[in-house]
Amino acid sequence: MEMIKKARITGEESSSDAIQSTIDVKKASQPVREKTAREINREISQQLKEEKYREREKRTARGSGLGALERAEKKHKGDAVAQLAMFFGEYNIKAGTGRSRYISERTRDIYAEEMFKLLRQLKEQGRGVSNLRELGQPHAVALIR
């Protein structure tokens, strides 16, 4: 209270500033306590979770196939089927779960066949595409219906 009164008399600080400064002085004068084992374990667990999340982000490699897609579009302009064949022949798809690895040849063949079916169905519906980048939400909605 003496500090608050002194601050009011001198007009240097407002009362909330004076209270805050006295609290800061008290905190500075108290010895720093050591962290408990539980607090240390929580910090380590948090660091490990963050590291695992960063590794997962690297593994998913979003956008990593864009280079192969651009090369396929340049080489086979206007032919989505040829672009798709070149893309799957050139690009190794990373597995989304488990350890860091690429998908198997069998899985890649299944993906490619399903994509070829998708292009065929779109063409049958009159919504064919000439380049793979043209695929979008309207095409997905048309395939679902």
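Positions are given from 1 along the sequence.
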side-chain contact (heavy atoms from CB on, under 4.5 Å) between Lys94 and Ile103, worked out:
CA-CA 6 Å; Lys94 290 187 175 186; Ile103 61 172; over 6 Å; no
Checking side-chain contact (heavy atoms from CB on, under 4.5 Å) for the pair Phe116/Leu84: CA distance, chi angles, key distance, verdict?
CA-CA 8 Å; Phe116 286 124; Leu84 191 63; 3.6 Å; yes
Show, in sequence, the C-alpha distance, side-chain angles and deciding distance for Leu122 and Leu135, and conclude whether the side-chain contact (heavy atoms from CB on, under 4.5 Å) test is met.
CA-CA 10 Å; Leu122 285 174; Leu135 288 171; 3.5 Å; yes
Show, in sequence, the C-alpha distance, side-chain angles and deciding distance for Glu70 and Arg133, and conclude whether the salt bridge (Lys or Arg N to Asp or Glu O under 4.0 Å) test is met.
CA-CA 9 Å; Glu70 287 173 4; Arg133 285 189 193 256; 3.4 Å; yes
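Inter-residue side-chain proximity for Ile93 and Thr107 is flagged as unmet; no heavy-atom pair is nearer than 4.5 Å. You'll find the side chain of Phe87 stays beyond 4.5 Å of the side chain of Met115, heavy atoms only. Side-chain contact between Asn92 and Arg108 is present, with heavy atoms from C-beta onward closer than 4.5 Å.
Here Ile44 is tied into one hydrophobic group with Ile40, Leu48, each link being a pair of ILVMFWY side chains closer than 4.5 Å.
Val129 and Ala80 make their closest contact through O-CB, 3.6 Å (heavy atoms, listed as atom of the first residue, atom of the second, distance). Between Arg127 and His139, the shortest heavy-atom contact is O-CD2, 3.5 Å.
For Lys117 and Glu124, the salt-bridge test fails: no basic side-chain N is under 4.0 Å from an acidic carboxylate O.
At most 12 non-hydrogen atoms from other residues, nucleotides or ligands lie less than 6.0 angstrom from CD of Glu34.
In this structure, the side chain of His76 does not engage the main chain of Glu73 through any donor-acceptor pair within 3.5 Å. Side-chain atoms of Gln83 come within 3.5 Å of backbone N or O of Leu132 as a donor-acceptor pair.
Rounding to the nearest 0.5 angstrom, the gap separating the CZ atom in Arg42 from the CD atom in Glu39 is 7.5 Å. Interatomic distance, Met86 CE to Leu69 CG, rounded to the nearest 0.5 Å: 10.0 Å. Separation of atoms CD (Gln47) and CD (Glu51) is listed at 9.0 Å; rounding is to 0.5 Å.
Side chains of Gln121 and Gln125: no donor on one and acceptor on the other come within 3.5 Å.
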